[in-house]
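Down below is the structure, laid out as structure tokens.
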Number of protein chains: 2
Amino acid sequence: MTNVRAGKSETGKLHQYMEIGNELRRRITLGQYLVGSILPTEGMLCEEFTTSRHTIREALRMLTDAGFIERRQGSGSHVLTAVPSQRYVHDMWSLDQLFQYAVDTRFIINDVKFAVPENSMLSDVSGGKAEWLIVHGLRLERDEDIPICFSIVLVNRDYASIAEELETGSGAIYRKIEDKFDIKVSQVIQDITITTMPQRAALVLDKTTLDVAVQVRRRYLLADGTVFLVSVNQHPADEFSYTMQLRREGEN
Amino acid sequence: MTNVRAGKSETGKLHQYMEIGNELRRRITLGQYLVGSILPTEGMLCEEFTTSRHTIREALRMLTDAGFIERRQGSGSHVLTAVPSQRYVHDMWSLDQLFQYAVDTRFIINDVKFAVPENSMLSDVSGGKAEWLIVHGLRLERDEDIPICFSIVLVNRDYASIAEELETGSGAIYRKIEDKFDIKVSQVIQDITITTMPQRAALVLDKTTLDVAVQVRRRYLLADGTVFLVSVNQHPADEFSYTMQLRREGEN
DNA sequence: CAGTGGTCTAGACCACCCC
DNA sequence: GGGTGGTCTAGACCACTGA
């Protein structure tokens with residue numbers, strides 16, 4: 001029992017569970033505990049460090065949060081990696097803020113139909129020639145008539161009945177679907193490319209001089225990997241600016 | 001004691017701490033516990049729910065992880081918000097992967113100097129006319145001579161001595177600085193805009209037909225908010241594509 | 001079915017904050 | 001100094017996993 005409080009007097013002021021957590025992390029980093037293998041059980045660690053189970057569990061929670069291990073009831077603490085990936089966090093109130101669509105824009109629908117979309121927009125999304133609900137529209141600054149971008153939204157057929165409610169309210173379409181069908185976006189994949197502005201969009205946005213556009217495509221996925229909505233926004237290049245802020249998480 | 005296990009028999013199979021956590025979250029959402037106020041103490045909650053302190057602490061940990069409250073030793077559990085911001089996580093091994101610079105590129109330095117940068121690159125960064133270490137270069141595909149983008153890197157004067165080590169190794173500059181000065185990036189702010197390719201860059205990249213470029217600027221901040229490095233990369237628009245994947249965190 | 005991690009109890013002492 | 005949350009102990013029962 002002499003070293004129960006060793007952490008405080010010797011190395012400064014670390015708590016027991018932190019010292020143990022750091023030691024275990026060191027062992028993983030040094031390959032003493034191999035990736036793919038299983039850590040000693042809680043009981044064994046209690047013995048080795050002469051401490052209570054709760055303390056060991058707190059130490060293991062550190063490793064879990066940092067991404068080193070995964071714990072499975074009945075199975076053990078599995079070592080996932082010796083070099084966990086950094087996690088950078090994007091804080092948002094809603095996905096709308098992924099772009100600046102938050103509250104200051106409105107969406108004007110030009111056309112709604114049910115058809116097979118052009119391939120370029122659904123590359124690597126829908127395996128075949130399924131029909132999607134296709135909404136063409138224009139996004140404007142609220143209370144002004146200044147256009148921001150030309151928009152196409154594709155909705156998976158399973159949720160196509162949302163078409164009836166597109167004119168009401170002001171929120172984003174993906175959000176209306178979330179509410180109506182009680183589903184949740186689990187992942188978003190966004191890509192940004194440069195294209196030439198389609199004729200149709202150029203006309204509406206009154207851009208005759210510069211036909212370069214920034215195309216931002218976002219795919220909204222459910223937990224099972226299903227793409228339930230794809231949005232494609234085309235911005236005049238001369239007005240495009242996109243900022244994102246990533247904060248490093250934890251202290252890894 | 002009749003309801004110690006009530007969570008299991010009545011509502012399905014939730015654990016006590018989850019039920020309590022959900023109840024507390026409900027109260028915050030409904031405004032029963034106001035934002036800015038302080039939650040009942042652990043002891044009071046133990047009494048109300050007739051349970052042990054550990055169980056209450058586990059419930060409060062749920063709320064903490066979800067961003068509803070912040071706990072301060074000696075002060076209490078402060079309600080931060082009734083609608084916590086969603087957290088979308090960007091998984092990366094390193095920040096290099098924020099772009100696809102991982103391992104398949106090399107950086108050729110054309111010029112290194114110490115000067116006051118043009119304002120356009122440091123808008124809202126350095127309050128004044130401080131001198132920065134300015135590195136001009138070109139990023140190429142590894143083992144090929146295909147240029148990817150034209151690069152400018154600005155290094156805060158405090159870390160300018162990194163200049164001596166720029167030619168060695170292959171990693172990103174920010175990483176060399178992290179190692180040499182034992183500091184850690186805490187946040188990255190990235191913005192993407194469309195510009196015309198500067199003459200200099202256009203010549204090097206042999207782009208005479210299309211002078212539109214995508215400019216990606218990244219500011220690397222320390223925990224105290226200091227910008228220690230700014231990188232500006234200009235890509236020929238016709239080859240530019242940027243994909244990011246955001247995963248919703250937790251089950252909020 | 002033996003062993004693992006998950007949950008929970010009922011205590012205790014401590015560091016820290018605020019009065 | 002009184003009260004808060006943070007850490008820690010020494011037990012217990014349970015759910016789940018895998019041989």
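- Rounded to whole Å, the distance from CE on Met62(A) to P on dG6(D) is 16 Å.
- The distance between atom CG of Leu45(A) and atom P of dT4(C), rounded to the nearest whole Å, is 11 Å.
- Glu131(A) places no side-chain N or O within 3.5 Å of a backbone atom of Arg157(A) that could act as its donor or acceptor partner.
- For Tyr17(A), no side-chain nitrogen or oxygen approaches OP1 or OP2 of dC8(D) to under 4.0 Å.
- Rounding to whole angstrom units, CD of residue Glu58(B) and C1' of dT7(D) are separated by 14 Å.
- Residues Ile177(A) and Val155(A) are in side-chain contact: their nearest non-hydrogen atoms beyond the backbone lie under 4.5 Å apart.
- Ile20(A) has its CD1 atom 13 Å from the P atom of dT7(D), to the nearest Å.
- Put simply, NE2 on His15(B) is 16 Å from C1' on dT9(C), counting in whole angstrom units.
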Quiz prompt | Step-by-step side-chain contact (heavy atoms from CB on, under 4.5 Å) determination, Ile183(B) to Phe228(B) | solution = CA-CA 10 Å; Ile183(B) 58 177; Phe228(B) 78 94; 4.2 Å; yes
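- Side-chain N/O atoms of Thr51(A) include one lying less than 4.0 angstrom from OP1 or OP2 on dT9(D).
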Practice problem: Might you work through the side-chain contact (heavy atoms from CB on, under 4.5 Å) test for Thr51(A) and Gln16(A), ending with a clear yes or no? | Solution: CA-CA 9 Å; Thr51(A) 187; Gln16(A) 238 192 124; 3.0 Å; yes
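- In terms of the salt bridge (Lys or Arg N to Asp or Glu O under 4.0 Å) criterion, residue partners of Asp191(B) (sequence neighbours excluded) are, by chain and number, Arg217(B), Arg219(B).
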Please tabulate, for the side chains in residues 31-45 of chain B, all donor-acceptor contacts under 3.5 angstrom to protein atoms that are two or more places apart in sequence or on a different chain.
from, atom 1, to, atom 2, distance (Å)
Tyr33(B), OH, Arg27(B), NH1, 2.7
Ser37(B), OG, Leu34(B), N, 3.4
Ser37(B), OG, Leu34(B), O, 2.5
Thr41(B), OG1, Met44(B), N, 3.2
Glu42(B), OE1, Arg53(B), NE, 2.5
Glu42(B), OE1, Arg53(B), NH2, 3.0
Glu42(B), OE2, Arg57(B), NH1, 2.7
Glu42(B), OE2, Arg71(B), NH1, 3.1
Glu42(B), OE2, Arg71(B), NH2, 2.6

Within the sub-3.5 Å range, which N or O atoms of nucleotides 2-5 of chain D have a protein N or O partner, and how far apart are they?
from, atom 1, to, atom 2, distance (Å)
dG3(D), N2, Gly74(B), O, 3.4
dT4(D), O2, Gly74(B), N, 3.0
dG5(D), OP2, Glu42(B), N, 3.0
dG5(D), N2, Gln73(B), OE1, 3.2

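- The separation between His54(A) atom NE2 and dA12(D) atom P is 18 Å, rounded to whole Å.
- The CD atom of Gln16(A) sits 16 Å away from the C1' atom of dA15(C) (whole-angstrom rounding).
- Comparing Met18(A) and His78(A) by the nucleotide of DNA chain D whose heavy atom lies nearest to each, the residue mapping closer to the 5' end is Met18(A).
- In this structure the side chain of Ile28(B) reaches within 4.5 angstrom of the side chain of Leu63(B), judged on heavy atoms.
- In this structure, Glu19(A) places its CD atom 13 Å from P of dT7(D), rounding to the nearest Å.
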